[in-house]
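Below is one structure, written out as structure tokens; comments come after it.
Predicted, not measured: the structure shown is a model, and the values here were computed from it.
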Amino acid sequence: MGDTGHTDTTGNGRHARHDGGEGHAARAGHPWSAFEAAEPVLAATVRERFGRYTHHALATLRRDGAPRLSGIEADFRAGELWLGMMPRSRKALDLLRDPRFSLLANPGSGTGMGGGDVRVSGRAAEITDQDTFRWYAREAGAPPPFHLFRVELTEVVRTRVDGEELVVTSWTPGRGVRTLRRGNGDEPPREAR
């Protein structure tokens, strides 16, 4: 869909780091479309979970390395997962400096968690290609200026309760899907088959 170079789409002339910040080696993630093609069942569960609510929780890293938690809308569009942010918002500045993030789907009200909670982690690739940026703004009905990032996944996790057990299903690019089950006792988690 376009290039993710190093210039800012808001027109403020700022150039962003995309190497993970100081001392972090570049590590590419997988686009949502590749994850969805490889693991359609888990992808459908994750997408459905994010689709229940508009607002979710985004974790980024502050300049000093401390976590920052912010509200955000997650947008699945054209086979990708997109994050749009107000110009120069703290979370956008965090991602421009260090693109690593985690995004937790809104768990909803009460304690039922409606099928578990879902988290995706990875790197936020800033969209600087103007054709892609204009396409997104038009499709989403989002008037510029704003920062636009495409999600590059490094991990997807679904955690749920099944009877007396906690069930954690996770995916990483090199390993694929793995499910662990554990009870309330001291016994170690076991891999589900």
Side-chain angles (χ1 to χ4, degrees), residues 1-35 46-47 49-51 53-107 117-130 132-137 139-159 170-173:
M1 285 256 330
D3 171 62
T4 59
H6 293 278
T7 52
D8 180 57
T9 56
T10 61
N12 64 11
R14 195 169 173 282
H15 293 279
R17 290 182 59 97
H18 287 271
D19 63 357
E22 303 300 325
H24 298 287
R27 183 179 73 194
H30 279 56
W32 176 264
S33 56
F35 165 66
V46 170
R47 193 168 180 162
R49 194 69 186 80
F50 274 104
Y53 299 96
T54 302
H55 297 101
H56 307 286
L58 176 71
T60 58
L61 294 169
R62 298 172 191 256
R63 184 178 302 281
D64 66 1
R68 181 188 316 274
L69 197 58
S70 307
I72 193 165
E73 296 179 21
D75 184 22
F76 291 89
R77 190 175 300 274
E80 300 301 340
L81 176 52
W82 307 88
L83 304 173
M85 298 166 208
M86 291 172 46
R88 303 204 41 84
S89 64
R90 296 287 185 196
K91 59 192 166 193
L93 295 176
D94 287 347
L95 291 174
L96 291 171
R97 185 179 50 261
D98 185 332
R100 295 174 296 168
F101 74 93
S102 282
L103 179 65
L104 177 69
N106 186 329
D117 69 38
V118 167
R119 174 180 49 84
V120 298
S121 299
R123 300 170 75 77
E126 184 187 23
I127 299 301
T128 60
D129 174 72
Q130 290 302 303
T132 302
F133 185 84
R134 283 190 291 270
W135 166 84
Y136 181 88
E139 289 291 314
F146 59 91
H147 292 282
L148 178 61
F149 299 90
R150 182 177 47 237
V151 166
E152 296 177 354
L153 297 169
T154 57
E155 183 181 48
V156 175
V157 179
R158 177 185 182 214
T159 304
S170 63
W171 170 89
T172 60

Rounded to the nearest 0.5 Å, how far apart are [atom1] of [X] and [atom2] of [Y]?
X    : Y    : atom1 : atom2 : answer
D98  : R123 : CG    : CZ    : 7.0 Å
F35  : T172 : CZ    : OG1   : 10.5 Å
L148 : W135 : CG    : CH2   : 8.5 Å
R49  : D117 : CZ    : CG    : 7.0 Å

Considering non-hydrogen atoms only, spot the tightest contact between [X] and [Y] and give its length.
X    : Y    : answer
V118 : L104 : O-CD1, 3.3 Å
A74  : F50  : CB-CD2, 4.3 Å
P87  : H147 : CA-CD2, 3.6 Å
A124 : L95  : CB-CD1, 3.9 Å

Any residue meeting salt bridge (charged side-chain N to carboxylate O under 4.0 Å, His left out) with E155, in chain and number order, not counting sequence neighbours: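 Once residues adjacent in sequence are excluded, the partners of E155 under the salt bridge (charged side-chain N to carboxylate O under 4.0 Å, His left out) criterion are R119.
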Pairing residues for R158 by the salt bridge (charged side-chain N to carboxylate O under 4.0 Å, His left out) criterion, not counting sequence neighbours: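 If we apply the salt bridge (charged side-chain N to carboxylate O under 4.0 Å, His left out) test to R158, skipping adjacent residues, there are no hits.
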How would you list, by chain and number, every residue that makes a side chain to side chain contact (heavy atoms under 4.5 Å, CB included) with [X], sequence neighbours excluded?
X    : result
A140 : D75, R77, Y136, A142
S170 : V157, R175, R178
N106 : Y53, H56
R68  : T60, R62, S70, R90, D94

Is a side-chain N or O of K91 found less than 3.5 angstrom from the main chain of M86, in a donor-acceptor match?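 Between the backbone of M86 and the side chain of K91 there is no qualifying donor-acceptor contact (under 3.5 Å).
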Would a 4.5 Å heavy-atom cut-off, applied to side chains only, mark [X] and [Y] as touching?
X    : Y   : value
V151 : E80 : no
L103 : L83 : yes
F149 : L96 : yes

Begin from the C-alpha positions of E73 and H55 and carry the test side-chain contact (heavy atoms from CB on, under 4.5 Å) through to its verdict. CA-CA 5 Å; E73 296 179 21; H55 297 101; 3.6 Å; yes
Start with the C-alpha gap between H30 and W171, add the side-chain angles, then the distance that decides, and say whether side-chain contact (heavy atoms from CB on, under 4.5 Å) holds. CA-CA 11 Å; H30 279 56; W171 170 89; 4.0 Å; yes
As a quick check of understanding, evaluate side-chain contact (heavy atoms from CB on, under 4.5 Å) for L58 and M85, giving each step before the final call. CA-CA 11 Å; L58 176 71; M85 298 166 208; 4.0 Å; yes
Could you check whether the rings of W32 and F76 sit parallel, tilted or perpendicular, using 30° and 60° as the cut-offs?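 The arrangement is perpendicular - the two ring planes meet at more than 60°.
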